[in-house]
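The block underneath contains the structure these notes are about, expressed in structure tokens.
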There are 2 protein chains.
Amino acid sequence: MPYDPSTFPPFAVTVDLVVLTVRKDALCSLVVRRGEPPYQGRWALPGGFVRDDEGLEVAASRELAEETGLLHSQATEGHRGGAHLEQLATYGAPQRDPRMRVVSVAYLVLAPDLPSPVAGGDARSARWAPSDALLDASEGLGRDAEQQAPLAFDHGQILQDGVERARSKIEYSSLATAFCPPEFTVGELRRVYEAVWGVALDPRNFHRKVTGTPGFLMPTGGTTTRQGGRPAQLFRTGEATVLNPPMLRPEA
Amino acid sequence: MPYDPSTFPPFAVTVDLVVLTVRKDALCSLVVRRGEPPYQGRWALPGGFVRDDEGLEVAASRELAEETGLLHSQATEGHRGGAHLEQLATYGAPQRDPRMRVVSVAYLVLAPDLPSPVAGGDARSARWAPSDALLDASEGLGRDAEQQAPLAFDHGQILQDGVERARSKIEYSSLATAFCPPEFTVGELRRVYEAVWGVALDPRNFHRKVTGTPGFLMPTGGTTTRQGGRPAQLFRTGEATVLNPPMLRPEA
DNA sequence: GATCATAGTCGTCTCCCTGACGATAAACAG
DNA sequence: CTGTTTATCGTCAGGGAGACGACTATGATC
């Protein structure tokens, strides 16, 4: 069967972004309000069409820059100097967009808490929203007053997959540092784990684990008291990308 | 920006399959010989176009049935009664197909060793080939005489990603049983791990681990001597899908 | 039929990691 | 100065994994 335009159906291909950050001890996702039908006025994940001369990851990176203003990823699978960006999964159910056949390649972005919350760019009305609130809305539809409307399209599912990916990936990789500023303390890193997993971790065991894993953290020599209490050592992300043995997530 | 056909470029969307099995203590992949240019005569992964009313996983399942004749997956994320099928990743570099812009959603299939090697269907010239030979060919280009030509398109990369996914996933899931017949022995399961990882495992520690993990293996009561030696107990896959703690892959 | 090779199964011992938790250190607020 | 907060060091018991020894039950070979 030759590749003749008449023998295959044309698809629109988009990228959608699950952009996660930790703000005020909560895992938050970037969402934008839709200005047009369908799902007009509802929250959705940022995203857009892939251009015809553009790779998928390049498109994701471009959309990220457009939506967040400043962020951008770097090289392959990297997160230094920007946010971490990786492909999440692809969604292509025939009726996921009522207008036409769209296949969407979702990307997962892990970003440090941005000083300027979603400033700049063509971001119409973008905001950070706690991930669990968005997911609750997409599951149990409207239980109490504070309930939000679920995300547009199948974005609730995409967000859920992205959050789950992030939760599992920080277990066995050093990716949690992507949520931290360039220099951070052990306590700040622990609060990232606690926010993403939604559990409390023992500060002493956590400290032993992360400082005892070779290549995970590199001391910078400096200290800070920005969290109050006794001054804490500052660290940078080390060379290690995988954590072996992994950080164990309490079952609960 | 409305979804107007004139505002977005049309893409062809295909599914490609990384079909893995264990044959004669080696991890093998299903490859088909290309009958047309480009890459005419070269080996490639099986795959084809997604139809315009068809979901991605449905398309993958259909292609699998067409290529292998008998296999088919079942329900969501299931592998009982057939092969395990899961989405792997999506590849969409602008020039990956010289004829046109194609985005390919790759699926990973784990199948037991089929009695009829790739019989039936429209499978022109399909065969099982050891995965490491295919990957060697795609990396170090033509070193010695036995060298094969690398896979067509970016299928070498896709295969590599699929193999790596399989290798890591049997660590923390019961997926290795997807390579086994419905009833199997602990030794057969161990040989699966050894083939996929390319390492030797201690039979005694392996036995303790798999029989000690609740829900991993269900004894059927029967025994077999098909491997020679002392009769071994037969097991079926249990309810557990995740292995916690995981099966540790020797570092080496 | 005795012997051997092959696989399977049960135990033991030690090391390391983890979870639980006590204790100390260094900042700030009153 | 005292209490509060956060960081950091130490100790101890339990569980899992690697390294192996020992025994069992088949088929193959002489």
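In the text below, chain A, chain B and the rest are named by the order of the sequence lines, each starting its count at 1.
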Practice task
For B:Arg226, report the nucleic acid contact type (base, sugar-phosphate, nothing); a contact means any heavy atom under 4.0 Å.
Solution key: nothing
Practice task
For B:Arg190, answer base if it contacts any base atom (sugar-phosphate contacts may also be present), sugar-phosphate if it contacts only those atoms, and nothing otherwise; contact means non-hydrogen atoms under 4.0 Å.
Solution key: sugar-phosphate
Could you state the [atom1]-[atom2] distance from [X] to [N], rounded to the nearest angstrom?
X        : N      : atom1 : atom2 : result
B:Asn244 : D:dG15 : CG    : P     : 16 Å
A:Leu201 : D:dA7  : CG    : P     : 13 Å
B:Leu248 : D:dA19 : CG    : P     : 12 Å
A:Arg191 : D:dT5  : CZ    : P     : 13 Å

Completion exercise
By nearest-nucleotide position on DNA chain D, the 5'-leaning member of B:Asp202 and B:Pro246 is B:Pro246
Pairs: protein N or O with nucleotides 22-26 of chain D N or O, under 3.5 Å:
from: D:dT24; atom 1: O2; to: B:Arg230; atom 2: NH1; distance (Å): 3.0

Handout entry: Listed once per pair and sorted, the side-chain hydrogen bond (donor to acceptor under 3.5 Å, both in side chains) pairs that draw on residues 181-201 of chain A, sequence neighbours left out
Key = A:Glu183-A:Arg236, A:Glu188-A:Arg226, A:Glu188-A:Gln227, A:Arg190-A:Glu194
Practice task
Could you check A:Leu17, A:Leu88, A:Leu151 and say which one makes a side-chain contact (heavy atoms from CB on, under 4.5 Å) with A:Ile158?
Solution key: A:Leu88
Practice task
Using only heavy-atom distances, determine whether the side chains of A:Ser131 and A:Ser29 contain a donor-acceptor pair under 3.5 Å.
Solution key: yes
Problem - Closest non-hydrogen atom pair, B:Ala176 against B:Val192 - result: O-CG1, 3.8 Å
Problem - B:Phe206 to B:Leu201 - nearest heavy-atom pair and separation - result: CD1-CD1, 4.0 Å
Problem - Partners passing salt bridge (Lys or Arg N to Asp or Glu O under 4.0 Å) against B:Arg167 (at least two apart in sequence or in another chain) - result: none
Side chain proximity check, [X] to [Y], heavy atoms < 4.5 angstrom:
X        : Y        : answer
A:Leu27  : A:Phe179 : yes
A:Asp161 : A:Arg165 : no
B:Tyr107 : B:Leu56  : yes

Practice task
Not counting sequence neighbours, list each pair that qualifies as a salt bridge (charged side-chain N to carboxylate O under 4.0 Å, His left out) and has a residue in residues 195-204 of chain B.
Solution key: B:Asp202-B:Arg204
Handout entry: Nearest-nucleotide comparison on DNA chain C, the residue closer to the 5′ end among A:Arg208 and B:Glu188
Key = B:Glu188
Exercise for the section: Identify, between B:Gly187 and B:Asn205, the residue whose nearest nucleotide on DNA chain C lies closer to the 5' end. Expected result: B:Gly187
Practice task
Name every residue in residues 209-221 of chain B that has at least one heavy atom under 4.0 Å from any atom of DNA chain D, in order of residue number, or write none if there are no such residues.
Solution key: B:Lys209
Completion exercise
With a 4.0 Å cut-off (strictly under) to non-hydrogen atoms of chain B, the first and last hit nts on DNA chain C, 5' to 3', are C:dT6 to C:dT12
Problem - Derivation and outcome, side chain to side chain contact (heavy atoms under 4.5 Å, CB included), residues A:His84 and A:Leu175 - result: CA-CA 8 Å; A:His84 170 84; A:Leu175 256 176; 3.4 Å; yes
